[in-house]
Amino acid sequence: MYEAGIQSHPEPAQPVRPRQATMAAVLLAMFGGLGFLYAFLLMSAVSDSSDHGQSVSAVLYVLIYVQFALSAAQVICGVLVWQGRNWARVLAIVLCSINILGAVVSLFSGAVFQAIAAIGVNAAMLRLLSGYEVQVWCSR
């Protein structure tokens, strides 16, 4: 039925999140959560050593807090890339690059398997975040 003076306009279509953006957001949040868990485990081990009279370097505590901060930032970036925020995509690219640098350091310190896995995962994340579909999703 058509009423005089009232026009019905179709609602604008909501943009559809590309699969690559969804995958990048979920992986960022998931690996950020795992990094957060890893930082908790490290803090527990360091606190246990400290409680048993072993000296623990202040640098180790700083590195653990940096791990907490990077992991929290990664989770936040995952949520915001899901929403399509471009600055979060750029920050996620920076975080993945920092993770690759940390993995290279780990590679030379003897943690070969973990370092290779971290390099591979973060390189894949960089590829996803730099892809055309994700750039368009986050630039709208």
Side-chain angles (χ1 to χ4, degrees):
M1 235 196 274
Y2 178 77
E3 294 184 30
I6 299 177
Q7 297 177 353
S8 70
H9 295 285
E11 292 186 28
Q14 294 291 334
V16 177
R17 182 182 310 103
R19 182 175 48 92
Q20 294 87 346
T22 300
M23 189 180 319
V26 169
L27 288 174
L28 279 168
M30 185 178 74
F31 285 117
L34 287 173
F36 214 71
L37 178 63
Y38 179 65
F40 273 118
L41 292 173
L42 284 175
M43 184 60 83
S44 175
V46 167
S47 294
D48 188 51
S49 294
S50 177
D51 289 345
H52 288 92
Q54 296 176 348
S55 86
V56 177
S57 171
V59 173
L60 190 55
Y61 282 108
V62 170
L63 290 174
I64 292 171
Y65 288 122
V66 167
Q67 176 68 37
F68 275 122
L70 290 174
S71 297
Q74 203 166 3
V75 169
I76 292 168
C77 284
V79 170
L80 295 175
V81 165
W82 178 276
Q83 295 175 354
R85 303 291 198 286
N86 195 49
W87 66 267
R89 183 186 69 84
V90 172
L91 180 58
I93 289 171
V94 170
L95 293 172
C96 288
S97 300
I98 290 170
N99 287 339
I100 288 175
L101 291 175
V104 169
V105 170
S106 293
L107 185 64
F108 291 115
S109 69
V112 176
F113 176 73
Q114 294 90 338
I116 291 172
I119 290 169
V121 165
N122 284 287
M125 290 295 302
L126 285 174
R127 181 166 168 83
L128 274 174
L129 291 165
S130 300
Y132 177 75
E133 296 84 4
V134 178
Q135 287 181 23
V136 169
W137 169 253
C138 291
S139 297
R140 55 185 177 82

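Counting begins at 1 with the first residue of the sequence.
Residues satisfying the side-chain hydrogen bond (donor to acceptor under 3.5 Å, both in side chains) criterion with Q67, sequence neighbours excluded, are S71. By the side chain to side chain contact (heavy atoms under 4.5 Å, CB included) test, V16 pairs with no residue at all, sequence neighbours left out. For V46, the side chain to side chain contact (heavy atoms under 4.5 Å, CB included) partners at least two apart in sequence or on another chain are V56, L60, Y61, I64. Residues that satisfy the side-chain hydrogen bond (donor to acceptor under 3.5 Å, both in side chains) test with Q83, not counting sequence neighbours, are R85.
Sorted pairs that involve residues 19-39 and meet side chain to side chain donor-acceptor pair (under 3.5 Å), not counting sequence neighbours, are lacking altogether. Here side chain to side chain donor-acceptor pair (under 3.5 Å) pairs that include residues 126-137, with residues two or more places apart or in two chains, number zero. Legend: ring pair (Phe, Tyr, Trp, His ring centres under 6.0 Å) pairs involving residues 79-99, not counting sequence neighbours: none detected.
At a threshold of 4.5 Å between side-chain heavy atoms, the hydrophobic network of Ile, Leu, Val, Met, Phe, Trp and Tyr places Y65 and L42 in one connected group. Both L80 and V94 belong to a single network of hydrophobic side chains, linked directly or stepwise wherever heavy atoms of I, L, V, M, F, W or Y lie under 4.5 Å apart. When hydrophobic clusters are built by joining Ile, Leu, Val, Met, Phe, Trp and Tyr residues whose side-chain heavy atoms come closer than 4.5 Å, directly or via intermediates, I98 is grouped together with L91.
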Using distance only, find each side-chain donor-acceptor pair of residues 112-125 under 3.5 Å and give its atom names and separation, not counting sequence neighbours.
from: N122; atom 1: OD1; to: N99; atom 2: ND2; distance (Å): 3.3
from: N122; atom 1: ND2; to: A118; atom 2: O; distance (Å): 2.8

Return a table of donor-acceptor pairs under 3.5 angstrom between the side chains of residues 103-111 and protein atoms on other chains or two or more places apart.
from: S106; atom 1: OG; to: G102; atom 2: O; distance (Å): 3.2
from: S109; atom 1: OG; to: S106; atom 2: O; distance (Å): 3.0

Would you be so kind as to tabulate the donor-acceptor pairs closer than 3.5 Å made by side chains of residues 23-36, with sequence neighbours excluded?
none

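Put simply, the side chain of I100 reaches to within 4.5 Å of the side chain of L126, judged on heavy atoms.
With hydrogens and angles disregarded, no donor-acceptor distance shorter than 3.5 Å links the side chain of R89 to the backbone of V81.
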